[in-house]
Student: 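I have a structure I would like to understand better, so I am pasting it below and will then ask my questions one at a time.
In this text, all values refer to a predicted model and were calculated from it rather than measured experimentally.
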Amino acid sequence: MHIFDSVQKTKRLFTPQVDDKVTLYVCGPTVYDDAHLGHAKSALVFDLLVRVLKANDYSVTYARNITDIDDKIIKKAVEQNKSIKEITEFYTNAFHKEMAQIGVSRPDLEPKATESLDAMYMLIRKLIDSNHAYQTEDGDIYFDTSSDSQYLTLSKRVQNEDEKINRVENSSHKKNSSDFALWKSVKDGTIIFDSPFGAGRPGWHVECSAMIEKHLAFENNKFAVDIHGGGADLLFPHHENEAAQTRCGTNHALANYWMHNGFVNIDGEKMSKSLGNSFFLKDALKVYDGEVLRFYLLSTHYRSNFNFNEDDLTASKKRLDKMYRLKKRFFGLAENRDKTLFQEELLKALSDDLNISNALALIDEMITHANETLDTAGKHKELKAETLSNLAYIEELLGFGAKNPFEYFQSGVDEETRAKIAELILKRDEAKKAKNFATSDKIRDEVLSYGVSIMDTPQGTFWEKV
RNA sequence: GGUGCCAUCGCCAAGUGGUAAGGCCGCAGCCUGCAAAGCUGCUAUCCCCAGUUCAAAUCUGGGUGGCACCUCCA
């Protein structure tokens with residue numbers, strides 16, 4: 001398997017540190033608001049990565065944190081006169097529910113900041129003891145970036161001298177402008193945790209380093225985790241700072257491979273609250289099927305920026321429809337799990353830094369070939385077995401096609417309408433049998449008025465929601 | 001201003017030295033009572049200029065045009 005390492009900026013052969021065991025850590029959401037399409041994209045990308053790693057016979061331990069200590073959470077709690085816990089539980093539950101709707105499996109570990117304070121204290125202690133961190137007069141603890149000769153090697157950033165001077169003047173107690181908070185002492189009497197360093201709350205960056213150390217890292221490994229992932233915007237400063245903390249506070253580097261997913265834009269615009277709420281996953285799910293969203297958001301390479309657009313989504317849906325129509329032709333038949341050449345090629349494509357475009361092209365070709373063979377030789381036993389196996393493999397590896405195909409095409413249509421459509425189709429079939437085509441076509445128009453299309457097959461007449 | 005990324009058919013999108021995958025849309029045809037679905041066929045030389053090479057979309061230099069990060073952010 002090959003992975004593009006976004007720090008070394010090159011595609012590297014993936015080799016775990018320990019045998020066939022892979023540790024993966026991905027920065028998860030800060031639970032102060034609803035998940036947007038960007039959260040969905042990131043979760044989907046690493047969900048796919050885990051599936052592909054497993055298909056390559058790796059044993060994967062995947063951790064994605066929940067940041068439930070944060071200034072924005074506190075702000076919201078104060079605004080809504082609720083407890084921190086009420087806010088974080090609400091959004092954590094919503095996150096889980098929405099991720100499930102787009103087929104994202106739960107990670108093996110989902111550490112919360114509030115449950116990892118001990119690990120943070122330990123790391124901060126080590127950093128202070130080794131002179132990589134210092135406490136100011138007012139109780140804040142900062143990481144001393146000048147103490148780390150490798151600082152900024154991750155994001156390959158060059159510090160701006162002018163800015164450096166300005167910031168030091170603005171922030172009275174920091175030694176260097178780039179120093180970042182490990183611990184913020186309480187100043188306004190809001191939310192506090194009692195730590196050995198006084199009351200306050202941890203900085204964002206230290207949460208991840210500490211959780212990785214607590215849950216995934218082995219003391220004497222060269223790297224704390226094999227792969228560290230997250231959105232492209234996290235490279236600096238978040239990952240840079242995480243890496244510095246781990247490097248200076250433990251005896252290993254943070255990650256061997258870094259993966260950063262591209263951004264989701266809406267109709268060419270960067271997502272922002274001023275654009276309204278259309279970018280919330282929950283709102284997208286009101287309009288589009290979760291699996292269609294999954295397919296669409298995964299349909300382009302994970303490192304590219306993604307432009308969310310309704311026309312493209314529609315085109316993408318048609319591609320998924322085609323797979324389900326093939327599944328219809330096999331519905332009810334027993335699954336077969338023999339490994340086929342197609343499956344080997346599919347895995348090979350995805351093992352090349354998750355090349356989804358090549359994978360989807362292979363799927364399209366497989367579908368076309370299966371349809372073609374089925375059209376010309378309906379009772380092709382071998383083909384049936386192979387196709388069933390292929391569809392099951394796609395479901396496992398990519399999470400596409402798990403639904404009942406009839407349900408897939410008819411989702412969102414209420415019982416009453418379904419009954420009415422069924423009744424009309426029955427009438428039409430009678431008219432057709434009597435070769436009364438004027439009547440049957442009239443009935444068809446009536447069926448179509450429900451926003452569905454119908455298709456006559458050897459197995460009978462079926463309808464799909466348009 | 002600093003750093004970095006990108007530019008492939010009407011649209012989406014692979015391909016990083018060996019002669020342009022796939023999907024959507026469109027056109028023609030097969031199938032069908034007619035449709036729909038399915039199938040078949042057709043449609044680009046890769047932003048511009050210069051260079052390296054037997055060979056470049058792929059490498060180098062220059063240009064033009066987008067975008068991202070540098071503050072919280074997936």
Student: Counting the benzene-type ring for Trp, do A:Y25 and A:H228 have ring centres under 6.0 Å apart?
Tutor: yes

Student: Ring centroids only, cut at 6.0 angstrom: are A:F331 and A:F406 within range, meaning strictly under it?
Tutor: yes

Student: Counting only Watson-Crick or G-U wobble pairs whose two distances fall under 3.5 Å, which nucleotide matches B:rC24?
Tutor: B:rG10

Student: Heavy atoms only, 4.0 Å cut-off, all strands: where does A:I454 land among base, sugar-phosphate and nothing?
Tutor: base

Student: Partner of B:rA68 by Watson-Crick or G-U wobble geometry, both contacts under 3.5 Å, or none?
Tutor: B:rU3

Student: Is the shortest side-chain N/O distance from A:R325 to OP1 or OP2 of B:rG38 below 4.0 Å?
Tutor: yes

Student: Could you let me know what B:rC59 is paired to, Watson-Crick or G-U wobble, both distances under 3.5 Å, or none if it's on its own?
Tutor: B:rG51

Student: Has A:N358 got a side-chain N or O lying under 4.0 Å from the OP1 or OP2 atom of B:rA21?
Tutor: no

Student: Separation of A:E372 atom CD from B:rC30 atom P, in whole Å?
Tutor: 17 Å

Student: Provide the distance between the two C1' atoms, one in B:rG51 and one in B:rG2, to the nearest whole Å.
Tutor: 30 Å

Student: Decide yes or no, distance alone: a donor-acceptor N/O pair under 3.5 angstrom between the base of B:rC34 and the side-chain of A:R444.
Tutor: yes

Student: Report which part of the nucleic acid A:A315 touches: base, sugar-phosphate, or nothing (heavy-atom distance under 4.0 Å, all strands).
Tutor: sugar-phosphate

Student: Determine whether the aromatic ring centres of A:F263 and A:F306 lie less than 6.0 Å apart.
Tutor: no

Student: Check every strand shown and say whether A:T368 touches a base, only sugar-phosphate, or nothing at a heavy-atom separation below 4.0 Å.
Tutor: sugar-phosphate

Student: Write down the distance between NZ (A:K432) and P (B:rA35), rounded to a whole number of angstrom.
Tutor: 13 Å

Student: Please classify the nucleic acid contact of A:G38 as base, sugar-phosphate, or nothing, using heavy-atom distances under 4.0 Å.
Tutor: base

Student: List the steps, then state whether side chain to side chain contact (heavy atoms under 4.5 Å, CB included) holds for A:Y408 with A:D321.
Tutor: CA-CA 9 Å; A:Y408 170 82; A:D321 287 351; 2.7 Å; yes

Student: Rounded off to whole Å, could you give me the CG-to-P distance for the A:D33 and B:rA74 pair?
Tutor: 11 Å

Student: With a 3.5 Å cut-off and no angle check, do the side chains of A:E291 and A:Y296 form a donor-acceptor pair?
Tutor: no

Student: Name the residue closer to the 5' end of RNA chain B, choosing between A:D456 and A:D364 according to the nucleotide with the nearest heavy atom.
Tutor: A:D364

Student: Under 4.0 Å, heavy atoms only, any strand: does A:V264 hit a base, just the sugar-phosphate, or nothing?
Tutor: base

Student: Take the protein atom CD1 of A:I425 and the nucleotide atom C1' of B:rA35, then report the distance between them rounded to whole Å.
Tutor: 14 Å

Student: Strictly below 4.0 Å: does A:K465 bring a side-chain N or O up to OP1 or OP2 of B:rA36?
Tutor: no

Student: In terms of side-chain heavy atoms, does A:S185 have a donor or acceptor partner in A:D140 at a distance below 3.5 Å?
Tutor: yes

Student: In the strands shown, is B:rG38 matched to any nucleotide by a Watson-Crick or G-U wobble pair with both distances under 3.5 Å, and which?
Tutor: B:rC30

Student: Between A:L298 (CG) and B:rG23 (P), how many Å, whole number?
Tutor: 19 Å

Student: Hunt down the Watson-Crick or G-U wobble partner of B:rA44, both distances under 3.5 Å, from any strand shown, or write none.
Tutor: none

Student: Ignoring backbone atoms, establish whether A:K318 has a side-chain N or O less than 4.0 Å from OP1 or OP2 of B:rC25.
Tutor: yes

Student: Quick one: on RNA chain B, does A:S440 or A:E365 contact a more 5' nucleotide (nearest heavy atom)?
Tutor: A:E365

Student: If I pick the C1' atom on B:rA50 and the same atom on B:rC25, what distance separates them, to the nearest angstrom?
Tutor: 38 Å

Student: Strictly below 4.0 Å: does A:S304 bring a side-chain N or O up to OP1 or OP2 of B:rA14?
Tutor: yes

Student: Is a donor-acceptor pair below 3.5 Å formed from side chain A:H36 to base B:rA74, judging by atom type as modelled?
Tutor: yes

Student: If the cut-off is 4.0 Å, is A:N355 near the phosphate of B:rG15, judged by side-chain N/O to OP1 or OP2?
Tutor: yes

